[in-house]
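For this chain, numbers begin at 1 and follow the sequence in order.
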Amino acid sequence: MDILVNLRAFLATADAGGFSAAGRKLGVSTSVVAKRVTQLEARIGTPLFHRSTRQLRLTDAGQRYVHRSRGVVTDATDLLSRMGEKGHDLVDHLRIKAPTSLTVARLADVFSTFQTQNPRLKLEIVLIDRPVDPVTEGFDIAIGAFPHSFGGVVDEPLCALKRLLCASPAYLKKHGTPKHPRDLVEHRCLSFMPTGPEWIFEGPRGRISIQVSPLLSSNEGHVLARSAIAGNGIALMSHYLVADALRNGTLKPVLRDFPIPELWVKAAIPERRRNAAAVQALLTLLKASLAPSL
């Protein structure tokens, strides 16, 4: 078991960029992490990190071994989890990547429910708003709505993500209501940074692409929603973030005859982890909680 503990210390240090941060992550002291990494280096006969007073970075050997080490730790953890199950309890450590806005609005409750149902599980949830290869970045599940795919990774669709343009009645009264997507170049636009300033619409003759010059850009959807409600511009929003505002009239749909193409929220899972009991249990809960669409 020492080698597994030492490998975990190595991976935590590589991810965190230092012994102190790795110690906080693992719940042990800095000296314990450093000792475990040193033991591992002695075992394999080569240094894994370049050490200096200013930084800690992987050696060539460390870079070669870090991804293979993740696979070893993942397989061992999954095996021990299955061997240690009592009844229907799940025992595992899941590292999850999730988008910020969706987590704040919906997924935080799902994760809390999941951990309440499985008290022996450890969850590490990292909020990132970009495509992530879960294999190379060490995640068991990477949740997102980007169309990217990666080798050695299985994509599990979770739900459709509906999007729309919306603005406050005050903004539309002051600046007018656009009739066609091309009119947006004359309007104040609020843009979600991860999807960018190119806004795509479904038109009667096919797709229409408009490049807007945003007054406000943010990677957090609630910021855009608040700005739109305040009358600052027209926002391209995920429906779940503005559903209440649409119902109470503080926001109005814009360009309804030119719908925004749906995205799909998916979970990207390393192939070696797709059949892990904890991964499958979380997928089941995610699908039940989010389906059929956001």
Side-chain angles (χ1 to χ4, degrees), residues 1-44 47-59 62-63 65-98 100 103-104 107-128 132 134-143 269-270 272-273 276-279 281-282 285:
M1 290 299 289
D2 283 349
I3 188 65
L4 183 58
V5 170
N6 293 346
L7 283 171
R8 284 178 174 147
F10 165 52
L11 292 175
T13 304
D15 291 338
F19 294 134
S20 296
R24 290 192 294 272
K25 178 179 177 179
L26 295 173
V28 298
S29 68
T30 301
S31 61
V32 167
V33 176
K35 180 179 179 181
R36 289 174 181 175
V37 171
T38 300
Q39 288 175 341
L40 182 61
E41 291 172 325
R43 174 72 178 270
I44 64 176
L48 296 169
F49 293 99
H50 293 295
R51 295 163 170 83
S52 73
T53 56
R54 292 187 176 182
Q55 64 178 348
L56 192 71
R57 57 188 179 86
L58 288 167
T59 62
Q63 292 174 355
Y65 294 143
V66 67
H67 299 314
R68 294 180 63 185
S69 297
R70 290 194 198 282
V72 171
V73 170
T74 295
D75 287 346
T77 300
D78 188 43
L79 176 61
L80 293 171
S81 169
R82 294 174 184 274
M83 294 173 65
E85 288 178 2
K86 296 181 179 179
H88 297 289
D89 287 353
L90 295 177
V91 184
D92 208 335
H93 180 129
L94 296 185
R95 189 166 187 256
I96 303 164
K97 173 267 177 187
T100 303
T103 301
V104 172
L107 293 182
D109 289 339
V110 177
F111 294 145
S112 295
T113 297
F114 184 62
Q115 197 154 43
T116 299
Q117 294 173 349
N118 303 282
R120 301 178 69 197
L121 276 176
K122 292 183 178 180
L123 301 183
E124 180 183 347
I125 300 166
V126 183
L127 305 187
I128 302 175
V132 164
V135 173
T136 60
E137 298 199 39
F139 289 98
D140 299 296
I141 300 177
I143 300 170
I269 306 161
R272 64 170 61 247
R273 288 290 275 161
V279 170
L282 180 55
L285 182 60

With a 4.5 Å cut-off on side-chain heavy atoms, are Gln115 and Leu282 touching?
no

Under the side-chain contact (heavy atoms from CB on, under 4.5 Å) criterion, do Ile141 and Lys97 qualify, and how do the steps go?
CA-CA 6 Å; Ile141 300 177; Lys97 173 267 177 187; over 6 Å; no

In terms of heavy-atom contacts, Leu7 and Ser69 come closest through CD2-OG, 3.7 Å

Can you name the nearest heavy-atom pair linking Ala98 to Leu107, along with the distance?
CB-CD1, 4.1 Å

Does Lys35 have more than 12 heavy atoms from other residues, nucleotides or ligands lying within 6.0 Å of its NZ?
no

Student check: side-chain heavy atoms of Val73 and Leu11 closer than 4.5 Å:
yes

Trace of the side-chain contact (heavy atoms from CB on, under 4.5 Å) decision for Phe19 with Arg24
CA-CA 9 Å; Phe19 294 134; Arg24 290 192 294 272; over 6 Å; no

Please determine whether side-chain contact (heavy atoms from CB on, under 4.5 Å) holds for the pair Ile269 and Phe139, giving the CA-CA distance in whole Å, both sets of side-chain angles, and the decisive distance to 0.1 Å.
CA-CA 8 Å; Ile269 306 161; Phe139 289 98; over 6 Å; no

Salt-bridged, Arg70 to Asp140, with N to O below 4.0 Å?
no

Are side-chain heavy atoms of Glu124 and His93 found at a separation under 4.5 Å?
yes

Listed partners of Thr30 passing side-chain hydrogen bond (donor to acceptor under 3.5 Å, both in side chains), at least two apart
Ser20

Minimum side-chain heavy-atom gap Tyr65-Ile44 below 4.5 Å
yes

Side chains of Glu137 and Asp15: closer than 4.5 Å at any heavy-atom pair?
no

Going by the rule side-chain hydrogen bond (donor to acceptor under 3.5 Å, both in side chains), which residues pair with Thr100 if we only count those two or more places apart in sequence or in a different chain?
Asp129

Does Arg36 reach the side chain of Val32, with side-chain heavy atoms less than 4.5 Å apart?
yes

For Phe49, does the CZ atom have more than 12 heavy-atom neighbours from other residues, nucleotides or ligands under 6.0 Å away?
yes

For the CD1 atom of Ile143 and the CD1 atom of Ile128, what is their distance to the nearest 0.5 Å?
12.0 Å

Are the side chains of Leu123 and Arg95 in contact, using a 4.5 Å heavy-atom criterion?
no

Test item: Thr59 side-chain N/O and His50 main-chain N/O as donor-acceptor pair under 3.5 Å:
no

Just wondering, more than 12 heavy atoms not from Arg43 lying within 6.0 Å of its CZ?
no

Do you know the tightest heavy-atom contact between Val135 and Pro270?
CG2-CB, 3.9 Å

List the atom of Val37, the atom of Thr13, and the distance in Å for their closest heavy-atom pair.
CG2-OG1, 3.9 Å

For the residue pair Gly62 and Phe10, what are the closest heavy atoms and their distance?
O-CZ, 3.7 Å

Inter-residue atom distance Thr38.OG1 - Asn6.CG, 0.5 Å rounding
9.5 Å

Could you check Lys25 against Val33 for side-chain contact (heavy atoms from CB on, under 4.5 Å), going step by step and ending with a plain yes or no?
CA-CA 10 Å; Lys25 178 179 177 179; Val33 176; over 6 Å; no

Between Leu121 and Val91, is there a side-chain heavy-atom distance shorter than 4.5 Å?
no

So which heavy atom on Arg273 is nearest to which on Leu94, and how close?
NH2-CD2, 3.4 Å

